[in-house]
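Computed from heavy atoms alone, side chains included, the values below leave out hydrogens, waters and symmetry copies. Remember, predicted model here, so these are calculated numbers, not experimental data.
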Amino acid sequence: MEWVLLAIVGLLILYVIIEYNKLVRHRNIFQNAFKQIDVMLKQRHDMIPQLVNTVKGYAKHEQETLTGVIEARNQAEKMRGQIDSGDATSMLALGQAEGLLGKAMGGIFALSEAYPDLKADGAFRDLMEQLTSIENKVAASRRGYNNTVLEYNNVLETFPTNILANMFSFTRASELDFDDREAIQNVPKVEF
């Protein structure tokens with residue numbers, strides 16, 4: 001009888017260890033996925049001043065648009081520096097800041113339509129191509145991140161793992177949404 005009881009306790013301990021490790025592994029995966037987004041957001045934020053300086057030479061009367069872009073970039077960069085990928089509030093704030101930056105960038109796209117010389121400038125075209133590439137990478141990474149968050153949350157909320165998650169203070173992760181649906185629908189067409 002003692003051996004059976006010992007075997008049951010041993011199996012229970014082994015089960016707890018396996019499930020705990022699974023939770024840790026999934027949490028690390030979604031946190032790493034966010035770090036990939038963070039690198040690309042940094043690249044995006046670093047390119048914006050170059051783009052604004054290029055536009056300044058052509059659109060001297062559009063200071064309000066350019067100031068708006070820089071302010072939105074600075075706010076997004078500030079949020080990026082404070083982010084905790086496990087905190088729903090900070091993820092929401094980052095998403096809103098990046099959404100506002102996306103809207104502000106729409107103003108730069110519109111300026112390129114209003115100033116044909118700007119649109120023809122090689123430096124501007126190169127920056128826009130690089131920015132478009134980064135935007136595509138951010139979108140792909142964000143989808144990957146959101147998928148890993150979904151997997152983590154599913155593991156976290158599935159019985160009986162949810163009992164262990166509560167015992168060890170694992171918390172639900174939040175997806176990253178840039179709240180850019182409106183911006184995507186209203187993006188001006190840019191042709192070079």
Side-chain angles (χ1 to χ4, degrees), residues 26-112 118 123-150 152-153 156 169-188 190:
H26 280 281
R27 182 182 60 198
N28 290 343
I29 289 170
F30 92 75
Q31 288 175 342
N32 182 59
F34 180 76
K35 289 175 186 172
Q36 303 304 314
I37 294 171
D38 190 52
V39 167
M40 285 176 261
L41 290 177
K42 174 77 172 124
Q43 289 176 345
R44 176 189 194 205
H45 296 166
D46 288 348
M47 286 187 68
I48 290 172
Q50 295 173 38
L51 185 64
V52 168
N53 285 334
T54 301
V55 172
K56 271 184 186 178
Y58 291 95
K60 294 177 179 141
H61 305 293
E62 306 292 346
Q63 193 61 35
E64 184 178 324
T65 301
L66 300 176
T67 301
V69 170
I70 289 297
E71 287 174 0
R73 180 255 182 212
N74 290 344
Q75 181 63 28
E77 182 65 13
K78 178 182 173 187
M79 292 308 306
R80 192 188 67 76
Q82 300 172 350
I83 197 71
D84 173 6
S85 62
D87 178 54
T89 304
S90 65
M91 293 301 285
L92 178 63
L94 176 65
Q96 290 172 341
E98 289 295 333
L100 289 174
L101 177 57
K103 273 186 172 177
M105 291 299 294
I108 297 252
F109 297 135
L111 286 178
S112 71
L118 171 63
F124 178 77
R125 281 196 322 262
D126 289 345
L127 286 169
M128 290 304 295
E129 286 175 20
Q130 290 174 28
L131 190 58
T132 299
S133 174
I134 288 173
E135 294 290 338
N136 290 336
K137 290 175 185 176
V138 168
S141 293
R142 192 175 63 179
R143 283 189 301 273
Y145 169 79
N146 287 343
N147 287 337
T148 62
V149 165
L150 177 64
Y152 169 75
N153 287 339
L156 190 73
S169 301
F170 283 86
T171 57
R172 184 173 166 74
S174 293
E175 293 180 344
L176 181 58
D177 184 8
F178 287 177
D179 195 25
D180 56 0
R181 287 174 207 84
E182 181 182 322
I184 289 171
Q185 292 170 355
N186 298 321
V187 170
V190 178

*Can you tell me how far the CE atom of M79 sits from the CG atom of L101, to the nearest 0.5 Å?*
13.0 Å

_Note, I108 side chain near V52 side chain (heavy atom, < 4.5 Å)_ = yes

*Under a 4.5 Å cut-off applied to non-hydrogen side-chain atoms, are R73 and D46 in contact?*
yes

*Kindly determine whether N153 and L156 satisfy side-chain contact (heavy atoms from CB on, under 4.5 Å), including the steps that lead there.*
CA-CA 5 Å; N153 287 339; L156 190 73; 4.3 Å; yes

_Which residues pass the side chain to side chain donor-acceptor pair (under 3.5 Å) test with N53, not counting sequence neighbours?_
none

_For the student: nearest non-hydrogen atoms of S90 and D84, plus distance_ = OG-O, 3.0 Å

_Distance (rounded to the nearest 0.5 Å) between T148 OG1 and N28 CG_ = 11.0 Å

*Heavy-atom pair of closest approach, residues G68 and A104*: O-CB, 4.0 Å

*asked:* Take a 6.0 Å sphere around CD of E64 and say whether it holds more than 12 heavy atoms from other residues, nucleotides or ligands.
replied: no

_Quick check: closest heavy atoms across A97 and A76, and the distance to 0.1 Å?_
CB-CA, 3.8 Å

*asked:* Side chains of Q75 and L100, heavy atoms from C-beta outward: is any pair under 4.5 Å?
replied: no

_E135 side chain near M40 side chain, heavy-atom distance below 4.5 Å_ = no

_D177 (side chain) donor-acceptor with G95 (main chain) under 3.5 angstrom_ = no

*Pairing residues for Q82 by the side chain to side chain donor-acceptor pair (under 3.5 Å) criterion, not counting sequence neighbours*: none

_Please give me the minimum heavy-atom distance between V149 and A173, naming the atom from each residue._
CG1-O, 3.7 Å

*Find the distance between NE2 (H45) and CG (D38) and round it off to the nearest 0.5 Å.*
9.0 Å

_CD1-CG distance between I83 and L41, expressed to the nearest 0.5 angstrom_ = 9.5 Å

*Are any non-hydrogen side-chain atoms of V55 and T65 less than 4.5 angstrom apart?*
no

*Roughly how far, to the nearest 0.5 Å, is the CD1 atom of I134 from the NZ atom of K42?*
11.5 Å

*Begin from the C-alpha positions of F170 and H26 and carry the test side-chain contact (heavy atoms from CB on, under 4.5 Å) through to its verdict.*
CA-CA 11 Å; F170 283 86; H26 280 281; over 6 Å; no

*Do Q43 and V138 touch side chain to side chain, with heavy atoms closer than 4.5 Å?*
no

_Side-chain touch L94/F34, heavy atoms, less than 4.5 angstrom_ = yes

_Are the side chains of N146 and L150 in contact, using a 4.5 Å heavy-atom criterion?_
no

*Please name the pair of heavy atoms, one in M47 and one in L131, separated by the smallest distance, quoted to 0.1 Å.*
CE-N, 3.7 Å

*What pair of heavy atoms forms the shortest contact from S174 to Y145, and how long is it?*
O-OH, 3.0 Å

*Would you check if the side chain of T54 reaches a backbone N or O of F124 as a donor-acceptor pair within less than 3.5 Å?*
no

_Check: T132 side chain, M128 main-chain N or O, donor-acceptor pair, under 3.5 Å_ = yes

*Applying side-chain contact (heavy atoms from CB on, under 4.5 Å), run through L111 and L66 and close with a yes or a no.*
CA-CA 10 Å; L111 286 178; L66 300 176; 4.2 Å; yes

*Enter the distance from R80:CZ to R44:CZ here, rounded to the nearest 0.5 Å.*
12.0 Å

*asked:* Show, in sequence, the C-alpha distance, side-chain angles and deciding distance for E175 and R142, and conclude whether the side-chain contact (heavy atoms from CB on, under 4.5 Å) test is met.
replied: CA-CA 9 Å; E175 293 180 344; R142 192 175 63 179; over 6 Å; no

